[in-house]
> 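Got a structure for you, written out below as C-alpha cells; questions coming shortly.
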Amino acid sequence: MRILAAGIVVEAARHSVCLLPERQARKKSFLAVEPRCKRNCGTTTVAPVDVYLNNKSTNTPPDAVALPFDGYFEMGCYSDNTPAARIEYAPKEQKVSPKQCFNFCRDKPQARFFGLTLGRECYCTPYPTLGGGNGGCTRQCEGDANFMCGGDSMSTVYEMHRCGDVTEVAQKDKTEAEAVIEKADFFTGRCEAVVQSLTAAAEGIDVSDVRKRVFGLAATLEELRKDTVNKRNDADAKLAPLASALAAFDEGAATAEMMRAVEEAQADLLGFVALLEDSYDNLEAYWNEHSLDNSMAFRSIDSKALGSSEELSKALPSEINFLPSKVASELDGEQNHADFTYLVVGKQHLASLFQVYNPASPIEGRPTGNSATSLSVQDWEKWTVKECHQMCVMTPGCVGGNVIGASTQAMWASTCNLKGSVERVEMSKSKPASTMMKGFIFSSYYSLRSDKIEFNTANVLIQ
C-alpha cells in the first residue's frame, strides 16, 4: 500500500472483477436484483493512477485509457474534490446504480473513473481528486438498493478497466446454455413418455379412486414438464440474438456499442437459462420424489438383479393377482386368471412411484435381456411387477399394491402404488391394449383380515 500526504491509504493492488453476474447470484435473483460483477479478472494495480488531494498533487495525470471498458471495481468511499471541469454528470432522471453509472461512463471520452453520491447522482471523470477517508457512504442507490451510492458529502468511487475477454466468456456461456437446453430436452422427453403411458393406462381403469390417483400423478408431472418445456423454449429463443451480437463483434475495432450488444444479449440469455434451471430443478425434484429407481436404491434393492435372465425365467410371486380358494372356485370356469385386471383398493395409501424403460436405449443399470438387447414387453412387465412387490416388502406398513402401466409409447412406463390397507379387490377381464394392471396382497395380511376383504368378481363373470 502507499500512504498519501493527507493520511489516506490506497492499496497498491485491488481485487478486480469484470461485468455480468456470478452464476449462482444470477440464478437466485435474475428478476429481483441486478448483480454487478461476473468473475475474477485478476489483479489491477492502482499505483499508476494519480489520486489528487485537495488539488495540491504535483503528479501528472495518467494518459487517457482507450475505450471501450468492460469492467470496473470499487476503490472505496471518499470525499471527492474533483473540479467541475473534469466531471460529467448523468441525467438526473436516471435511477443510479454502479452498473447503470458504468454503462453511462464507459464510452465517455477520457473517462476512466466514475462516482456515485447522494444515492442518486452519477458522474464520470478522467481522474478524481479525493480527500477524507473510507466511510460515510450510507445512501442506498435509487436504482439498486443492494448497493451504496455515496453519502451526503461522500462518493463511492470506481475505476473502469478492460478484461479483454467479452466474446470468449459470452461464447462459453452460450455453449453452456445449449448444454442446459439439451439436458432439458432429454429429461422432458422421458417425463412425457411417463405421462402418456400412465394416462393410457388410467383411461382403462374402472375403479375411481385408483384411476384418480394415477391421473393425478400424471397430471402433476405433466404440469411441471410443460413449465420446463416453456422455459426451455424461452431460453432457446435467446441464443440467436447472442449469436448475432458475437458475429458482429470486431475484435480489432471493438466499440462500446458492440460490447453492450454482446453483454445485453448475454445477460438476457443467462437470465432465461436461470429460469429454465429453476423449472428443471422443480421437475427433477418431483421426479426423484416419485422415482421407483431412487426409492429402491435408498432401500438397497438391486433392480438389475430382479431383471436378470435368471430371475425373469421364474414365475411371479404367488401374491401377485392372489385369489383365495373360495374366489378361485367361483372362477373355475375362467382361464388365465393371471391376465385379469386386478386392482387392490384401500384407504391407506403409502406411495405412488413410477418407472420408465426405453427399449431402444436401456438406461445404465437396467437389465438388457438375454442377448444384450432390450427387454421384451412381457419381460418388462414381469420385471416391473417384481420391483414393486419387492419395494412393498421393504417398506414398513406396506401390505399390498398395484402395478399399472402401458407399453404404447417409445418408452414404457408404469406406476407402483403401495398400500397400507386393503378393503377390496376389483377384477375384470377387459383392459386397453398394451396396458398392464396387476395387484398383490401379502398372504400374512390377508390371513388376518380375510373376512374384511371383498373380492369383486362380477365384472369377470358377466364378461
> Decide whether D173 and T175 meet the rule of one side-chain donor and one side-chain acceptor closer than 3.5 Å.
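Distance-only check fails for D173 and T175.
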> Can you check whether H161 and F113 have ring centres sitting under 6.0 Å from each other?
no
> Is a donor from one side chain sitting under 3.5 angstrom from an acceptor on the other, for N402 and Y342?
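Checked: N402/Y342 side chains show no N/O donor-acceptor pair below 3.5 Å.
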> Please determine, by modelled atom types, if S279 and T228 share a side-chain donor-acceptor pair under 3.5 angstrom.
yes
> So that I know where these two stand, are F187 and Y280 an aromatic pair - ring centroids less than 6.0 Å apart?
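Between Y280 and F187, which both carry aromatic rings, the centre distance is below 6.0 Å.
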> Taking C101 and C124, which are both Cys, do their SG atoms fall under 2.5 Å of each other?
no
> C191: which residues meet the disulfide bond (SG atoms under 2.5 Å apart) condition with it, sequence neighbours left out?
none
> Quick one: side-chain contact (heavy atoms from CB on, under 4.5 Å) partners of E223, sequence neighbours excluded?
none
> For the cysteines C141 and C149, is the SG separation below 2.5 Å?
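The sulfur gammas are closer than 2.5 Å, so yes.
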> Minimum heavy-atom separation for M437 and I404, please, with both atom names.
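Looking at all heavy atoms of both residues, the shortest contact is CG-CG2, 4.3 Å.
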> So, for F440 and F322, is the gap between ring centers shorter than 6.0 Å?
no
> Sulfur to sulfur, is the gap between C398 and C392 shorter than 2.5 Å?
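Yes, C398 links to C392 through a disulfide.
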